[in-house]
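Worksheet for the structure shown next.
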Amino acid sequence: MERLIGYVKWISGPVVKIKATEDIRMLEMVKVGRLGLIGEVISTSESEAVIQVYEETEGLRLQEEVIGMGRPLSVALGPGLLGNIFDGIGRPLMDIKNELGDFILRGANPFPLPLTKVWRVKMEIKKGDIVKPGDILARIRETPLVEHRIMCPPDVSGTVIEAKESGDYTVDTVIAKVKDDDGKMHEIKLFHYWPVRKPRPILERTPLEEPLLTGQRVLDLLFPMAKGGTAAIPGGFGTGKTVTQHQLAKWADADVIIYIGCGERGNEMAEVLEDFPRLRDPKTGESLMERLILIANISNMPVAAREASIFTGITIGEYFRDMGYDVAIMADSTSRWAEALREIAGRLEEMPAEEGFPAYLPTRLAEFYERAGRVKTLGGRKGSISIIGAVSPPGGDFSEPVTQHTRRFIRCFWALDKELASARHFPSVNWLNSYTEYFEDLKLWFKQNVAEDFQSLRNWTINLLQEESNLQRIAQLVGVGVLPEPQKLILLVAKMIKEGFLRQNAYDPIDTYCSLRKGYLILKLMRMYYERALSLIREGMLTQKIEELPITSKIIRLSFSVPETKIEDEFAFLAEELDREFRELEANYRKVLSYRRREQFA
Amino acid sequence: MLEYAGVKKISGPLIFIESLPELLYGEVVEIFSPDGEEKLGKVIELGDELAVIQVFGETGGLSPSRTRIRLSNDTFKIGVSRDVIGRIFNGMGRPIDGGPEIVAEEFLDVNGFAINPVSRSYPRDFIQTGISAIDVTMTVVRGQKLPIFSGSGLPHNELAVQIARQAKIYDRDFAIVFAAMGVKHDIARYFIESFEKSGALRKSVVFLNLANDPVIERLITPRCALTIAEYLAFGMGMHVLVILTDMTNYCEALRELSSRRGEIPGRKGYPGYMYSDLASIYERAGKIRDRDGSITQIPILSMPEDDIAHPIPDLTGYITEGQIVLSRELYRKGIYPPINILPSLSRLMKSGIGEGKTRKDHPHLSDQLYAAYSHAVWVRNLAAIVGEEELSQKERLYLKFADSFETRFMRQGFEEERSIEESLDIGWEVLTTLPEEELHRVTMEEIEEFYRRFRRA
Ligand SMILES: Nc1ncnc2c1ncn2[C@@H]1O[C@H](COP(=O)(O)OP(=O)(O)O)[C@@H](O)[C@H]1O
Ligand SMILES: [Mg+2]
């Protein structure tokens with residue numbers, strides 16, 4: 001299918017225009033010039049086509065040949081993806097390293113999946129079976145965490161004419177032949193190609209009703225997202241977007257994680273590659289690398305491939321979703337992706353809309369986020385894709401176009417805050433500006449799976465924090481001293497919530513992951529504390545006296561001093577201690593009161 | 001070599017010539033003015049009729065018919081060899097110290113190539129700078145890129161010199177690569193003399209594009225410097241410290257070129273691709289698996305109007321692994337180094353500190369200092385509004401803490417070098433101004449072991 005389609009006639013950075021000698025199809029993948037640089041047709045007319053090139057164009061000349069590859073930019077989907085790392089157009093970086101060395105030179109085009117690796121394949125079909133898109137044809141235990149299900153590709157159906165027995169095969173082995181209704185024969189291998197810009201078909205979308213748990217208290221208990229949902233993490237530099245994304249990649253309760261490093265740092269990818277293999281999945285004890293796929297198109301890699309990286313990632317995600325898995329996709333950062341769009345549009349001298357971004361920015365953002373969802377797959381299984389996109393607004397100002405447009409397509413907004421970050425309050429999720437629109441859908445789940453009073457506890461927390469913020473405004477004008485005692489108590493308990501619940505240190509071995517149950521119990525203790533304190537304060541007790549109780553500091557330290565396994569015992573213990581300390585305080589207080597009263601009468 | 005006589009058009013730093021099939025995109029060309037003066041240029045756009053050349057130098061004196069252009073059939077490369085050490089070059093990588101030309105071992109493209117992320121080795125080795133504020137609260141590790149965000153008149157040069165002098169990056173062969181972009185003569189001299197005094201000049205490679213040198217040349221200077229740095233680090237296995245100053249001048253050159261090309265301007269007129277362009281510089285730091293050397297980068301930039309949200313510091317902060325932010329307010333109070341720790345950050349410190357690296361209490365102590373100082377600054381602002389009398393007992397302690405943090409912990413001499421143990425101890429010492437119930441970031445054991453000891457002392 002490869003054929004000469006034209007000659008280079010204009011070059012500017014990643015954009016090349018060619019004189020067309022053939023009818024050139026939109027989005028066709030091409031090879032440019034003697035270096036064979038990979039590119040994609042982004043506009044085409046009778047005599048000319050525009051190509052975005054995924055590698056540096058330095059050294060290219062006019063009139064060099066351009067070869068059309070006869071298919072759109074696609075990824076190869078099959079076993080060997082898990083635990084692996086790819087660049088923005090799906091080339092395996094390990095193989096590129098083996099071929100070119102430590103620096104990414106040009107012209108490498110290794111096959112994306114390991115060709116020589118032999119997989120133990122359990123066949124699920126036999127000759128004569130009728131198969132349709134999405135049917136499971138074979139199974140491979142790809143990693144201890146994920147069974148790879150070889151499915152009938154979305155564009156194939158018919159009768160199995162030939163099928164291999166279960167056995168050990170490489171990825172390009174033909175395991176079956178299927179004849180469709182038109183008599184056309186399709187060879188089924190362990191992999192197939194799918195174009196990255198074309199969503200994989202599904203049967204139907206289904207309602208979201210389960211949370212995507214992340215092990216991060218502030219997210220799971222206050223602003224939970226749903227499996228199949230979309231979330232954005234906006235924040236200025238250094239506010240914790242990447243650490244939060246890494247935390248999600250580690251602890252989110254999805255079956256498969258796709259992490260897209262899009263225009264960010266090389267070292268952050270190295271960190272994942274070095275740390276994840278050592279980290280254990282809290283549920284199964286297996287290495288977290290076993291469910292992870294990395295797409296790395298870091299900031300100094302070609303900008304056009306950065307644009308593609310998001311779609312490469314989501315296409316792989318859809319493939320695993322189709323197998324019946326819950327997939328979570330992290331993209332860090334979608335702003336760099338938008339900038340790639342802008343850069344290419346600029347080279348084409350397209351009419352800019354806001355801040356130089358092309359007018360189709362919102363459309364592209366929508367195309368990305370709409371590929372999230374919970375679905376019934378073609379094969380009738382349940383699967384989901386959740387997308388969490390980091391947004392890097394210039395100057396940390398959320399009114400800029402990428403943040404604003406993103407808001408329209410996401411339903412969970414985890415706003416990171418510069419002030420909190422500079423006080424080293426992490427995750428710096430601002431509890432007043434963040435929101436989730438999923439809670440209504442998830443209410444029932446929380447009630448059934450955590451506690452009857454989950455919702456009321458969550459409301460109590462949110463309200464108390466809101467009230468505290470109002471009080472802080474007053475305190476900043478007049479000082480804390482003049483506030484009445486019940487309000488001082490609110491400030492105290494809010495401080496406890498901030499220090500002991502909202503704050504969660506990603507680098508602390510205990511605190512890095514927190515179960516829903518543990519988060520719930522911490523809040524529960526805080527509410528018990530508040531209620532006991534309030535009743536004493538109503539009788540004239542001073543907040544300061546209550547703050548001095550040893551239990552105050554113990555509750556604050558609970559999150560990072562007590563591991564998951566001991567939390568139930570510790571909760572019971574602290575609840576008792578809380579009761580005792582308050583009773584003692586109360587008893588003493590009554591003694592003092594009655595003593596004073598007696599003195600008055602005397 | 002192919003040569004053109006005459007060009008179509010000259011506009012600012014751009015020359016337009018007739019396009020030829022021989023031209024390479026990105027090709028470097030020699031340009032000869034009517035007076036025989038020679039400059040370099042680079043092909044930045046190649047169309048079927050015209051090619052656009054960006055000139056690294058002044059175009060004054062060039063005329064369309066009497067300018068000659070000679071092609072090189074190659075991209076911009078510089079010759080590298082171990083002999084560059086101890087030498088001084090101009091902003092384009094030509095020797096200006098009167099010494100001999102460099103006999104190149106290899107010619108390398110100044111743009112370099114991205115390090116494959118799978119080849120990177122995550123930086124984890126602590127570098128002691130001897131400066132408490134840096135070592136305790138924004139620790140540098142080998143292979144990090146950590147810029148200094150400064151403002152005009154602040155002592156960023158002194159700080160960079162002190163770091164270069166004291167940094168214990170050198171357990172083996174080391175080198176300093178210093179690149180000046182658009183800085184004044186006396187500042188360049190200050191650096192060179194300081195290196196000379198500390199004996200580091202023999203180990204340095206200096207690139208100078210001074211304030212009166214061609215603006216567009218600045219776009220090449222850091223790339224020449226980093227190409228040499230990569231050769232020394234990854235070719236020769238040396239630990240290299242790269243100081244780039246002033247990145248603001250670099251960005252202004254980028255803006256000038258962009259506006260000359262008639263590109264759509266982004267924020268404050270800087271081009272939309274400035275992020276990617278800066279990344280192509282800053283990402284050239286790090287360590288590579290199974291290779292000995294490393295590149296640690298300390299770019300210096302002045303924040304226009306002291307505004308950290310200005311595109312230059314903003315985009316830089318989005319790329320680098322943290323930032324050291326200098327504060328005019330602290331400087332006015334007479335505190336050197338005037339580092340405002342709150343907006344400062346070292347993203348890589350977590351893996352370079354703690355047990356077996358610095359000391360086990362380091363991570364929590366650092367967190368606690370940030371938290372306490374941040375609250376103390378808040379109290380200070382409150383006191384300015386409501387008056388100190390309105391503050392509670394505890395809040396007054398925070399005021400005391402802020403003062404002792406600034407004067408005892410932060411402030412130190414230009415020649416003063418503190419060991420990490422000393423710095424951590426001083427950190428605890430200033431924390432003892434606060435009651436122990438206030439310290440939620442440290443463990444009970446740490447309070448026992450460190451806080452109480454210093455409290456008693
Ligand atoms: N949850 C967290 N726990 C501890 N430290 C954090 C956390 N989140 C962020 N940080 C700190 O903030 C720094 C910057 O975070 P990062 O995610 O790299 O910011 P961003 O991606 O927004 O620029 C990290 O290097 C780390 O020191
Ligand atoms: Mg980040």
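These numbers were taken from a predicted model, which means no experiment stands behind them. Just so it is clear: chains get the letters A, B, ... in the order the sequence lines come, proteins before strands, and each one is counted from 1.
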Engaged part of [X] at the chain B interface, taking heavy atoms whose separation is under 4.5 Å:
| X | answer |
| --- | --- |
| A:Ala296 | side chain |
| A:Lys554 | neither |
| A:Ala421 | neither |
| A:Glu350 | backbone |
| A:Arg424 | both |
| A:Glu349 | neither |
| A:Ile556 | side chain |
| A:Leu105 | both |
| A:Leu93 | both |
| A:Met94 | both |
| A:Lys241 | side chain |
| A:Asn505 | side chain |
| A:Asp397 | neither |
| A:Val480 | side chain |

With only heavy atoms counted, which part of [X] is less than 4.5 Å from chain A, the side chain, the backbone, both or neither?
| X | result |
| --- | --- |
| B:Lys287 | neither |
| B:Leu342 | both |
| B:Glu49 | neither |
| B:Pro271 | neither |
| B:Glu438 | side chain |
| B:Tyr275 | side chain |
| B:Ile281 | neither |
| B:Arg347 | side chain |
| B:Phe234 | side chain |
| B:Leu23 | backbone |
| B:Arg284 | neither |
| B:Asp277 | neither |
| B:Glu263 | neither |
| B:His310 | neither |

Basic-acidic side-chain contact under 4.0 Å: [X], [Y]:
| X | Y | result |
| --- | --- | --- |
| B:Asp314 | B:Arg267 | yes |
| B:Glu437 | B:Lys394 | no |
| B:Arg441 | A:Glu499 | yes |
| A:Glu48 | A:Lys9 | yes |

Which residues share a salt bridge (Lys or Arg N to Asp or Glu O under 4.0 Å) with B:Asp367, sequence neighbours left out: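 Listed in chain order: nothing, the list is empty.
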
With sequence neighbours excluded, residues passing salt bridge (Lys or Arg N to Asp or Glu O under 4.0 Å) with A:Arg306: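 Residues passing salt bridge (Lys or Arg N to Asp or Glu O under 4.0 Å) with A:Arg306: none at all.
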
Flag if over 12 foreign heavy atoms under 6.0 Å of CD, A:Gln476: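 Counting other residues, nucleotides and ligands, CD of A:Gln476 exceeds 12 neighbours.
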
Top contributor to chain A interface from [options] [non-hydrogen pairs under 4.5 Å]:
| options | value |
| --- | --- |
| B:Tyr318, B:Tyr122, B:Tyr273 | B:Tyr318 |
| B:His364, B:Glu321, B:Glu395 | B:Glu321 |
| B:Ala279, B:Ala114, B:Ser374, B:Gly26 | B:Ala114 |
| B:Ser276, B:Ser392, B:Ser280 | B:Ser276 |

Ring centres under 6.0 angstrom apart (A:Phe560, B:His440):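 So the answer is no for these two rings.
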
Side-chain (A:Arg61) to main-chain (B:Glu22) donor-acceptor, under 3.5 angstrom: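 Checked: pair present.
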
